[in-house]
Every structure is written in structure tokens, then in C-alpha cells.
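Reviewing the structure listed below.
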Number of protein chains: 2
Amino acid sequence: MKNQALPTLADVAKRAKVSTATVSRCLNFPDQVSASTRDRVMSAITELGYTPNFGARVLAAKRTNTIGAIIPTMENAIFARGLQAFQEELKYHGFTLLVASSSYREEIEEEQIHKLVSRGADGLLLIGAHRSDKIYKFLEQRNIPVVLSWVFRPDLNQYSVGFDNCEAMKELTNKIIDLGHKNIAVISASMHNNDRAYQRVLGIKSALKDANIEEQSLTIYETSYGIDEGAEAFKKVIKTKTRPTVILCGNDVLAAGAMRQAKKMGIRIPQDISITGFDDLQLASIVSPSLTTVHVPHRKMGKDAAQILVNLVTGRKVKEKSIKLETTLCIRESLGPVK
Amino acid sequence: MKNQALPTLADVAKRAKVSTATVSRCLNFPDQVSASTRDRVMSAITELGYTPNFGARVLAAKRTNTIGAIIPTMENAIFARGLQAFQEELKYHGFTLLVASSSYREEIEEEQIHKLVSRGADGLLLIGAHRSDKIYKFLEQRNIPVVLSWVFRPDLNQYSVGFDNCEAMKELTNKIIDLGHKNIAVISASMHNNDRAYQRVLGIKSALKDANIEEQSLTIYETSYGIDEGAEAFKKVIKTKTRPTVILCGNDVLAAGAMRQAKKMGIRIPQDISITGFDDLQLASIVSPSLTTVHVPHRKMGKDAAQILVNLVTGRKVKEKSIKLETTLCIRESLGPVK
DNA sequence: AAAAATAATGTAAGCGCTTACATTGTGCTT
DNA sequence: AAGCACAATGTAAGCGCTTACATTATTTTT
């Protein structure tokens, strides 16, 4: 029903008795206009309730000052904190953020990339590195800068700011091995098109190898993301013939689900079984026992990514292609020594 | 640096040896074009890596099929689930969602409203009812349908889908009074420009009044949103001369913070003090003791809001201006009888 | 087989804005 | 007071698309 004629630049111009060019300048370069006309134009704008038509502006000026971000999910807090920091930094530089989510689905992500590009995003923030060559080529052809986050991948020809998922998980696993655990289970997000999940599991395997623990003592259960999925996975994993003494979860949400299920089944943490997470979401310190996990520098990652992106889209040069951030182990109550 | 000439409709047309109109029709009304030309056009599109320029399209066609939503925060899960359902329903009807966040700040919300409108949002989803007349007038003048959610306000001349915050909290408070509590404290989000928080506190007061409990036995502590803020508030509230036997928190996040702090101080829940929340986020059933709270029908609210909005922007009529959803009490471990 | 109806395509105007360039106005200098 | 520099404003083209209308090709009807 939006068929009522909205005020346009021309309406404002007529009302203020100036040309459209002057109105446009008032909006974009106020100091090129004399104070008196500026006042006149400004009041015409408020009287008419005028808002510039973004589409028209982009079409004419060919710059949007918009950055797009596509995150796998908005359903939980994982990406929220980083995104918030990202947004704040963008805003500081005069950019607007457009957010979309992919539901962890590659084809939806591609669709969203196209959508954001067609909406004029000057640059894009993406999570992880796993995606088709086709889409990377598309973005390159369009000359749209991309920054990957949540991964540190100097091996790729892409800008990235993140941490080494493999190394981080390896560090945690080492700690676990130190505590005497040999019988280890993993609840991971689907690794198929999720390089972060894949790298994390890789880290576990690598630690086991270094400690000369056979891989067959490692049960891996893949599931999709969510509390309930974590709980469900726990049920399955706990039933394996040699019950694990520790369950490494690919992230805190899965861990929280596993913990809930353990409680429900009367299995004590960490006395009967240890559980660990990854990400250090707020919930990790709220659940009880508090969750041992890997702390990820969410805010720093978001902020750094924003800065790189701003530099890229404004044509400034960026020193490093890949920035590596450090993760830290958060040893809390949910992890204990093996009995 | 986005200065490379991108392929346009005209380029595609030339390559496929048809007119621009035909290309446009291929994209928008494929069945008006013969199969052979359609194939030719489509391959030209892929070869060129063409993506339509959204701005130009909007400018020419005057419809965006885009709905905007402004939520107070993305930092935690409160609005996430509802938003997800909202988005799914919109997508089903062929609409795209644009999300922005206001950080619970009225002036930022206004800014975001303007931004979304100028970007061509056909309709808007807003949270709560509290905002200036000016902005409501602006939207009305622009003929942009608005749906409010998280509130049920048949008293306003706005579409809304939500629940009665006052009533819901009153119900919970009644339950608490039944359990013998008289000494009640409240940790609420700032009520200043948050009608939901305000209504919830109102519900508490109303229940107390009905039970003939004097209002001065009610300590209210206002704080901003967050786990840490909840914890901090707990410290303060616990120190009042007559220690409350129950703390009603305005939402689950504040409650989670309060619980964390209680544990830290060795105060047992619910033996020493009861704590309740509101919203029934996932964390409510994960913390231990599990949190007594008010369940909010997040997904239904999101879906209903989307349907109304789609009807409104497509000019169909909508039966009811306000839809009232029911909340339910979730009595869990964190609430016990007064000793 | 010609006429009529219909399908497929083309032509060109115009959406609301920015901006290069042209014009006019103002205050200095001499 | 004429001449000049510079500030303020205006003129008009064009950004990439959609769509009303015009034209041409194809099918159906008689």
C-alpha cells in the first residue's frame, strides 16, 4: 500500500526555492552551502518529512558505506559478541552493517552473499574459510573485499583474522591427557562444510598422536548445532562399550546440552565424567559445574575485522593478510583428573 | 576500490543479443520469455557474473520485498529465537529481512528506523511500544506498516503481537506470594524507555496490592541488561536491612547473573533465597538450580508478526490489530517456599 | 490462405539522486 | 569603478533498472 507519493529531493528543492543540486549538497557537503540557504533547506526537509532514497543515492553516487556480514546463526550467542564489536567499530568509521545468517548451510550463504552484494555492500565479513571457489571468484571479480574471521589461515589468499582452531583444541587436549584421560569422546558440529569444527577435531587427533594414544579409543559423534543436539549426542556417546572419561565438545552450546543430559541421568561431572567446551560463551561460567573451555577473543576479533575491512574498502593498504589472535584455556570445574 | 565496471543489464542484453527489457523479464517473469532466449540470457548472466543492482531495481520498480526489524540487542539470545522464526516466515513469503539493533537506546532506534526506511523497507517490526510520537507519525506519513511485538497493547492504535507483560508477571508474583514470600526484591531492566520492564514491575506491584502486602517491603533495583549487571545488582539487593526471601528478576539474563553471584557468596538457592526470571531462554533450564521463569512464545510471536506484516505490506487486510499470546509459568528449582 | 488472436520481443521514458560543468553573486584589489 | 578571484547556486546528464506501449513473429481460427 506504499503508493502515496513520498517527498523527493525535487519537492524539497521546490519548497526551499533552490535547485536539487543545492539540496543534495546540503545533505552531503553542508559547508559548500551558505548558512541561510542551508537553514531553509533543512526546514523544508523536516516539514516534508523527507528521507533520501538510498537506492537512488547509491545508483548515482556508487558508494554505499555499507558492510555486510554473514554469520552461521543468530539463534545463540556465539557470534553475537564479536558482531557487536564489529558493528561498533564500523559505525565509528561511518559504515553501516547489514547482517544475514546462513543457518550453517553453504548454499544459503552463497545466496546471502549475492543478496548483500546486490544491495551494494562495499565489503563482506564471513565466518570460516570453507566455501566454493566459484563464490570466491565472484567476489574477486566484483572487487569486493572479504575478511574471514574465526579462522587463522595464512595458507589462503584471503584476509583473515582469527585463531588457530586446531592448535587451540590441541592445547586443551594436551591438558586433558595430562590429567590421565585416555578414553576420549568428541561431540562435534558437522565437519562437512565447517572448517572450524574440522580443525578442532584435527587438533584433538594431533594431541592424541603426540601422546601415543591410539586413535581407535577416540569416539567422534557429529551433530548439528544446539543444546538439545548436545544432550542427544551425550546419550549416544555414553553408551559406547568403553565409557569415555571425558567428552570434548566442539563448542559450549553442545557442552551445555551434554551437561544437562548428564545431570538428568545422574552422572556426576567431573567425578564420573569430564566435559569441556569451546568458545567461552557467557553460559560457560554460569552453568554448574562451570565449564572448562577455550576462550576466544570475540570482541577483539570483531574490531580487528572491522578495521581491516574499512581499510580495504577505502583503498588503504593493509599490512598483514592474516592476523592471528590468541586463545586461552579456561580450566573450570567440569574437568577433573581421571580416577 | 570498487571502481571496476560491473556488468549491467545492458551488457547481458548485448551478449545475449536481446533487449534489456527481455533480460529484465527473464529475471522477473521467466514464463513471459521463450525457453530458447531464456537459456541464452541465463548463460550470458553466468558468463558475465552479473548480479542485479538492487538500488536500481528498487528505484525503477518501487518495491523492495524487504522488511526491517529493530531489536534492542543482539548480544544475547532474548530476541534471537523470535527473530529467527520471523525471518523464516518472511522468507517463505518471498521477503528479505534487514536487522538492526538499538542497544536499548531510543535515539539509536530512531536513527535505525530512518536508515531502514531509506533503504526501502516495506514494513517494520519493532519491539515494545515506547517511542516518540514523532517517529510514529513519520512512519504513518511514509505509509510504512509497523508491527510491535513483545507487547500486547490493544489500547494503542498500532498493530501488535505479544503478551501482557503486566499480567504475566502478576501471575508469577501470585505464585510467589502463595509460597509465603512477603519480602520481595526486584531486579529490573531500566524502566525509563522500556515499557516491557515497566509493565512487569507493575504486575508485581499489582499482585502485592491484591495480597495486601505493603509496597515498602518491595525493593526495586534498576540496572542495565547483562549477566554482570545482574550479579552486581544481587550484591546490592542482598544488603538491604531486611534481606528479601525472593528476588524477581525482570528477565533470565539478570537472573542468571544474580544466581552466579549468590553461588559465589555461598548463598543457597532456593534454601536461602529464591530467584526467578522472565523469558524462558534456553539458559533457564541449563543453570542449576534450574530457573523458575515465565515462558514466552518466542517463535509463535515471530511467525505471527511476519504474517501480519506481509499482509499489511501487500495491502491485504488484517483482522485484528492486536494479537494476544499466552505466557506460561515455568516453576523450576530456583523457587522454593519461604522458610 | 487470409484474418484474427496471441505470444515474444523491442523501444524508450522515467524512478530519485549526484556531480561535472556553467552561471551568477560577492567582496577584494587596484 | 573596473577587474578579478572565489563562493554559491543552477543546469542537465546519467547511474541500472522496470514497464507501458509499440512492434514483430507465431499460432489459431475461419
Side-chain angles (χ1 to χ4, degrees), chain A residues 2-42 44-45 48-66 114-115 117-120 122 142, chain B residues 2-42 44-45 48-66 114-115 117-120 122 142:
Chain A
K2 196 169 142 189
N3 42 19
Q4 192 179 64
L6 298 178
T8 70
L9 236 211
D11 297 326
V12 174
K14 197 186 295 173
R15 177 149 195 150
K17 302 199 189 310
V18 293
S19 72
T20 60
T22 300
V23 178
S24 174
R25 278 188 286 254
C26 264
L27 259 22
N28 298 297
F29 315 96
D31 38 285
Q32 285 183 17
V33 177
S34 76
S36 64
T37 33
R38 204 188 317 142
D39 289 351
R40 210 145 27 89
V41 170
M42 287 311 183
I45 287 178
L48 258 38
Y50 167 77
T51 316
N53 178 316
F54 183 77
R57 171 175 283 179
V58 170
L59 194 54
K62 318 193 136 332
R63 49 183 164 65
T64 62
N65 275 28
T66 297
H114 277 105
K115 205 168 262 175
V117 167
S118 93
R119 280 193 134 80
D122 293 331
R142 283 310 176 92
Chain B
K2 194 170 145 189
N3 42 19
Q4 192 179 66
L6 300 177
T8 70
L9 235 209
D11 296 327
V12 174
K14 197 185 295 172
R15 177 151 196 149
K17 300 199 191 308
V18 294
S19 73
T20 61
T22 300
V23 177
S24 174
R25 278 188 286 254
C26 264
L27 259 21
N28 299 297
F29 316 96
D31 38 285
Q32 286 182 16
V33 177
S34 76
S36 64
T37 34
R38 202 186 320 141
D39 289 350
R40 209 145 27 90
V41 170
M42 286 313 182
I45 287 178
L48 258 38
Y50 167 77
T51 316
N53 178 316
F54 184 78
R57 172 175 282 180
V58 169
L59 193 55
K62 321 194 130 330
R63 48 181 165 65
T64 62
N65 275 29
T66 298
H114 276 106
K115 204 167 265 175
V117 167
S118 93
R119 281 193 132 80
D122 292 333
R142 283 309 176 93

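Per chain, numbering begins at 1; letters A, B, ... match sequence-line order. Since this is a predicted model, take the numbers as computed values, not measurements.
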>> Please compare B/Arg25 and B/Ala60 by the position of their nearest nucleotide in DNA chain C and report the one closer to 5'.
In response: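 It is B/Arg25 whose nearest nucleotide is closer to the 5' end.
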
>> Can you work out whether A/Tyr50 or B/Val18 has the more 5'-proximal nearest nucleotide on DNA chain C?
In response: B/Val18

> When you measure from the side chain of B/Asp11 to the backbone N and O of B/Thr8, does any donor-acceptor pair fall under 3.5 Å?
Replying inline: yes

Under 4.0 Å between any heavy atoms, over every strand shown, what does [X] touch: base, sugar-phosphate, or nothing? Just pick one.
X	result
A/Ala61	sugar-phosphate
B/Arg63	sugar-phosphate
A/Ser24	base
A/Val58	nothing
A/Thr20	base
B/Phe54	nothing

>> Regarding B/Arg57 and A/Ser118, do their side chains bring together a donor and an acceptor under 3.5 Å, going by distance alone?
In response: no

>> How long is the straight-line distance from CZ of B/Arg25 back to OG1 of B/Thr20, given to the nearest 0.5 Å?
In response: 8.5 Å

> What is the distance from atom CD of B/Gln32 to atom OG1 of B/Thr22, rounded to the nearest 0.5 Å?
Replying inline: 10.5 Å

>> Side chains of B/His114 and A/Pro52, heavy atoms from C-beta outward: is any pair under 4.5 Å?
In response: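 When only atoms from C-beta onward are counted, A/Pro52 and B/His114 do not touch, as no gap falls below 4.5 Å.
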
>> Contact between A/Phe54 and A/Thr66 at the side-chain level, heavy atoms closer than 4.5 Å - yes or no?
In response: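 Yes, close enough: below the 4.5 Å cut-off.
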
> Reading DNA chain C 5' to 3', which nucleotide is the first, and which the last, to come under 4.0 Å of any heavy atom in chain A?
Replying inline: C/dG16 to C/dT19

